[in-house]
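Written out below as structure tokens is the structure these notes cover.
Note on naming: letters A, B, ... go to the chains in the order of the sequence lines (proteins, then strands), and numbering restarts at 1 for each one.
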Amino acid sequence: MKNRDALRSALLAWYDRQARALAWRVSPADRRAGVRADPYRVWLSEVMLQQTTVPHATPYFLSFTQRWPTVSDLAAVDDGDLMAAWAGLGYYARARNLLACARAVAGLHDGVFPDTEEGLRALPGVGAYTAAAVAAIAFDRPANVVDGNVERVMSRLFAVETPLPDAKPELKALAGGLVTDDRPGDWAQALMDLGATVCKPKGPLCDRCPVSAWCAAFKGGAPETYPRKTRKADRPRRHGVAYILTRGDAVALVRRPPKGLLGGMLGLPTSAWRASPYDDAEAVAAAPVAASWRDLGAVEHVFTHFSLTLRVFAAEGANAGDFVWTPREGLGALPSVFLKAARAAERLI
DNA sequence: TATCCGTGGTC
DNA sequence: TGACCAAGGAT
């Protein structure tokens, strides 16, 4: 596999020169000097980075590692505190699984992460990608680490015509053909860095690419047209009403059901979310308590699989109802959709 | 296996 | 404004 080894050398050399400095990353130079990555930090970063950009995840990573320096510290956190700390990052099942995983490692494994892909894969919230990434980056196992970046790079390197998502097994097999026992952690990160900074979805920087000489899509002249994709269904729109009930400085919140959309998070009380808009009478009728509700306009929010138009109504001083009364400063613990509604209200009140 | 699950940036 | 996209996992 002379061709493979030449490609690998070119990409690893590129990574040695210009690996991104990321908060959770041990630089290639430090790795050569014998510095080991902390499995806890690698795992935490990988979970935070699932479907999440580096700039968005970084401040959360810094805050988490400062507050909870070890997996055992994290395992001891109160559920509500953890959910509040995760607020704004999205995909809240990750936070629930994060805590379950930390407690499993702290309890069952005495605070030590499993050092094999199989052992990691058995933990809550750790799927094929995360298990491979932690095995490679933290334990230098020759795991096949395949994320969206790697899929894109493979689709271009080999000009794969099969559209995603059908192409996933093919792309994973192609990626696996490039993995060796040599520097598995650096290889995985080099591939992902290449995808993130050079082999970008739009406007790939092929003139700066260390492996363009091996790239079939580059040879073909239209690298940006890969990976091929099947058309996605369009997003439906839903309508709802959020209610801002205040008592002095406190706002009435509700703890959402443990599973499903925004599961386990604090939120504003809302009506049901449905296909048709709410008129004024319906909005007042759906309120959690009787009060003199005022119309404060509406906010738009986009979830993964639907768009939401949320009307915002506010009232003061009602006593009835079972709420979590929270000072205004505590609204940072809310998912973004509710934060958006609360901010709209503050502007309009 | 297809669907569900957030958010913010970019073009 | 809208469509796409980002270091996916659970069910």
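- Here the separation of B/dG8 from C/dG9, taken at their P atoms, is 22 Å to the nearest Å.
- For the OP1/OP2 pair of C/dA10 and a distance below 4.0 Å, the side-chain nitrogens and oxygens of A/Arg96 include no atom meeting the criterion.
- Counting heavy-atom neighbours within 6.0 Å of A/Asp78 CG, excluding the residue itself, gives a total above 12.
- Put simply, A/Thr52 has no side-chain N or O that comes within less than 4.0 Å of OP1 or OP2 on B/dG8.
- Under a cutoff of 6.0 Å and an axis angle of 45°, A/Arg228 and A/Tyr226 form a cation-pi pair.
- Note on A/Thr130: only backbone sugar-phosphate atoms sit closer than 4.0 angstrom, heavy atoms only; bases stay farther off.
- Among the protein residues, A/Val47 comes within range of no part of the nucleic acid, since none of its heavy atoms lies under 4.0 Å from any strand.
- Taking only side-chain nitrogens and oxygens, A/Ser336 comes nearer than 4.0 Å to OP1 or OP2 of B/dT7.
- Distances were taken from every side-chain heavy atom of A/Tyr129 (C-beta onward) to each of C/dA6, B/dG6, C/dG9; the shortest belongs to C/dG9.
- At the heavy-atom level, A/Gly88 lies under 4.0 Å from the strands shown only through sugar-phosphate atoms.
- As judged by a 4.0 angstrom heavy-atom cut-off over every strand, A/Leu191 is placed among residues making no nucleic acid contact.
- Other residues, nucleotides and ligands place more than 12 heavy atoms under 6.0 Å from the NZ atom of A/Lys219.
- In this structure, the nucleotide among C/dT11, B/dT7, B/dG6 sitting nearest to the side chain of A/Lys259 is C/dT11.
- Note on A/Val150: nothing from the nucleic acid sits closer than 4.0 angstrom, heavy atoms only.
- Residue A/His56 places none of its side-chain N or O atoms closer than 4.0 Å to OP1 or OP2 of B/dT7.
- Within 4.0 Å (heavy atoms only), A/Pro55 reaches no atom of the nucleic acid at all.
- If you check every strand for non-hydrogen atoms under 4.0 Å, A/Gly260 touches sugar and phosphate atoms only.
- In this structure, A/Asn97 reaches the sugar-phosphate backbone alone: every heavy-atom distance under 4.0 Å involves primed, P, OP1 or OP2 atoms, never a base.
- Taking only side-chain nitrogens and oxygens, A/Tyr91 never comes nearer than 4.0 Å to OP1 or OP2 of C/dA10.
- A close approach under 4.0 Å does occur between a side-chain nitrogen or oxygen of A/Lys229 and OP1 or OP2 of C/dC5.
- Per the geometry, CG belonging to A/Leu164 stands 14 Å off C1' belonging to C/dA6, to the nearest Å.
- OP1 or OP2 of C/dG8 lies within a sub-4.0 Å distance of a side-chain N or O belonging to A/Gln51.
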